[in-house]
2 protein chains.
Amino acid sequence: MKNETPLIQAIRSFNRNYTKLIGLLDSHLLASGYSLAEARILYEIHANMPVSASDIILQIDIDKGYLSKVLKRFEVNGLIAKEPSPVDARMSLLTLTAAGHTVFNSLDAASNQQVKEMIGKLTDEEQDKLSNNIAAISALLFK
Amino acid sequence: MKNETPLIQAIRSFNRNYTKLIGLLDSHLLASGYSLAEARILYEIHANMPVSASDIILQIDIDKGYLSKVLKRFEVNGLIAKEPSPVDARMSLLTLTAAGHTVFNSLDAASNQQVKEMIGKLTDEEQDKLSNNIAAISALLFK
DNA sequence: ACGATATAGTTGACTTGTTCAACTATATGC
DNA sequence: GCATATAGTTGAACAAGTCAACTATATCGT
């Protein structure tokens, strides 16, 4: 039988540090006029279009009332289009418009740039190591 | 010269997944009556007491006005004590009261429990692997 | 030592984010 | 076909977060 306490503490310490790092990586959003939630929603639509609002809720933990309002704002601002689902009349299918793609691409590029700067401080060997570590943790925790 | 794009994408995917996982681990807070920010602030005071408000800001990225209000609420509710710093009269030093320790311990125990359940699904070997990979990433990114 | 500048923290006004329950519409199961 | 479940919307209420102005104290440069 194993003592799990050191691992628990290590994970919680990692979580605090990693939360801070993610906050740093996302800080470019402040200047973009979009919130983290909005950027995440745009990403989901981009990555899985066409999607319904419930598809998004499945991916991100977010209140459906709140999501509905964000999506409405996106629609009013011309970032997304809604069309009724042919198979289920309760649902709308959401797609990015050209303007939506433009906004997404700009946010996406900025996010890539942030990550690029972060890993830019690492040597090639360290980058390989990081890559392996990330893959290993993902396999263990995101089954 | 290396192509960094795959690593960038892997990191961003990891960030999305890990954000969701952290959200899950923190969801017990909903029932506790404390927000994530409040729990994090309590942790900082617990871990580094006595601390000033600026010490906390250095650790967590948080608006000083917002922090000031949270700390005031903690003080009114008897979770922390403030005393003027002997070396700098602008600062107060914060410490947990007995009641504050009680609250912190209960939040801390619940957080440990959440993490414990998460790693409980892993074998001993997987736990070791997780431990090593977490340590490796920490060494690379949290220098 | 003195004035200029910076830092610690507080406060109030304001904006935004988030929750929640009620509601409409449609779909699914018995 | 009726009961129940799901998709999404809305408005009201509340919580969270931002911001700038302000007081008090400390520090820096001359």
Side-chain angles (χ1 to χ4, degrees), chain A residues 19-20 22-24 26-42 44-45 48-77 80-95, chain B residues 19-20 22-24 26-42 44-45 48-77 80-95:
Chain A
T19 297
K20 196 175 180 178
I22 290 177
L24 235 80
D26 287 339
S27 60
H28 68 89
L29 288 171
L30 290 178
S32 78
Y34 293 93
S35 70
L36 180 53
E38 289 172 330
R40 195 66 180 69
I41 291 164
L42 275 181
E44 281 306 320
I45 301 172
N48 302 307
M49 318 186 280
V51 287
S52 65
S54 340
D55 292 334
I56 297 175
I57 290 173
L58 228 61
Q59 298 305 316
I60 319 173
D61 193 25
I62 193 178
D63 179 80
K64 67 179 175 173
Y66 179 52
L67 176 59
S68 177
K69 283 162 199 168
V70 172
L71 292 176
K72 189 185 210 174
R73 195 160 60 239
F74 282 172
E75 197 184 12
V76 168
N77 295 339
I80 65 171
K82 287 188 197 182
E83 52 169 340
S85 161
V87 300
D88 187 335
R90 294 169 303 177
M91 299 196 294
S92 293
L93 295 182
L94 312 170
T95 49
Chain B
T19 298
K20 197 173 180 181
I22 289 176
L24 236 77
D26 287 338
S27 60
H28 69 87
L29 287 171
L30 290 178
S32 77
Y34 293 92
S35 70
L36 180 54
E38 289 171 328
R40 195 66 179 70
I41 292 165
L42 274 181
E44 281 305 320
I45 300 171
N48 303 305
M49 325 185 273
V51 286
S52 66
S54 342
D55 292 334
I56 296 175
I57 290 173
L58 228 62
Q59 298 304 315
I60 319 174
D61 194 24
I62 195 178
D63 178 80
K64 67 180 176 173
Y66 180 53
L67 176 60
S68 177
K69 285 163 197 167
V70 172
L71 292 176
K72 189 185 210 176
R73 196 160 59 237
F74 283 171
E75 198 186 10
V76 167
N77 295 340
I80 65 171
K82 287 188 196 181
E83 53 167 340
S85 160
V87 299
D88 187 336
R90 292 169 305 177
M91 300 196 294
S92 293
L93 296 182
L94 311 170
T95 49

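Numbered from 1 within each chain, the chains take letters A, B, ... in sequence-line order. These figures come from a predicted structure and were not determined experimentally.
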Practice task
From the options C/dG17, D/dG8, D/dT25, select the nucleotide whose nearest atom is closest to the side chain of A/Ser68.
Solution key: D/dG8
Handout entry: Whole angstrom value for the distance that separates P of C/dA8 from NZ of B/Lys72
Key = 20 Å
Practice task
Looking at every strand, decide which applies to A/Ser85 at a 4.0 Å heavy-atom threshold: base, sugar-phosphate, or nothing.
Solution key: nothing
Practice task
Please name the pair of heavy atoms, one in A/Gly33 and one in A/Glu38, separated by the smallest distance, quoted to 0.1 Å.
Solution key: O-OE1, 4.0 Å
Practice task
Starting at CG of A/Asp63, measure out to NZ of A/Lys69 and round the result to the nearest 0.5 Å.
Solution key: 7.5 Å
Exercise for the section: Counting heavy atoms from C-beta on, name the nucleotide in C/dG17, D/dA26, D/dA7 closest to the side chain of A/Met91. Expected result: D/dA7
Practice task
For C/dG9, take OP1 and OP2 only and decide whether either is under 4.0 Å from a side-chain N or O of B/Ser54.
Solution key: yes
Exercise for the section: Measure the distance from CG on A/Leu94 to C1' on D/dG8 and round it to the nearest whole Å. Expected result: 11 Å
Problem - Note, A/Val70 side chain near A/Ile62 side chain (heavy atom, < 4.5 Å) - result: no
Practice task
For A/Tyr66 and for B/Ile62, locate the closest nucleotide of DNA chain D by heavy-atom distance; then report the residue assigned to the nucleotide nearer the 5' terminus.
Solution key: A/Tyr66
Exercise for the section: Return the value, rounded to whole Å, for the distance between atom CZ of A/Arg90 and atom P of C/dT26. Expected result: 10 Å
Practice task
Check every atom of C/dT11, C/dA27, D/dG8 against the side chain of A/Ser52 and return the nucleotide holding the closest atom.
Solution key: D/dG8
Problem - B/Asp63 CG to C/dC14 P, straight-line distance once rounded to whole Å - result: 17 Å
Exercise for the section: Using atom types as modelled and distance alone, determine if a side-chain donor or acceptor of B/Lys20 lies under 3.5 Å from a backbone N or O of A/Gln59. Expected result: yes
Problem - Residue mapping more 5' on DNA chain C - nearest nucleotide basis, A/Ala89 or A/Leu67 - result: A/Leu67
Fill in the blank from the handout: Judged by nearest nucleotide, the residue sitting upstream toward the 5' end of DNA chain D, B/Arg73 or A/Gly65, is A/Gly65
Practice task
Rounded to the nearest angstrom, tell me the gap between atom CG in A/Asp55 and atom P in D/dT6.
Solution key: 15 Å
Practice task
Taking only the side-chain nitrogens and oxygens of B/Lys69, find out if one of them lies under 4.0 Å from OP1 or OP2 of D/dA15.
Solution key: no
Practice task
May I have the distance from B/Ile80 (atom CD1) to C/dG9 (atom P), rounded to whole angstrom?
Solution key: 11 Å
Completion exercise
When every non-hydrogen atom of B/Ile57 is compared with those of B/Lys64, the smallest separation belongs to CD1-CB, 3.4 Å
Practice task
Round to a whole Å and report the spacing from NZ of A/Lys64 to C1' of D/dA7.
Solution key: 7 Å
Handout entry: Any A/Lys82 side-chain N or O less than 4.0 Å from OP1/OP2 of D/dT9
Key = yes
Handout entry: Shortest side-chain distance from B/Ala37, nucleotide among C/dT10, C/dT26, D/dG17
Key = D/dG17
Exercise for the section: Starting from P on C/dG9, measure out to CD on B/Glu75 and report it in whole angstrom. Expected result: 13 Å
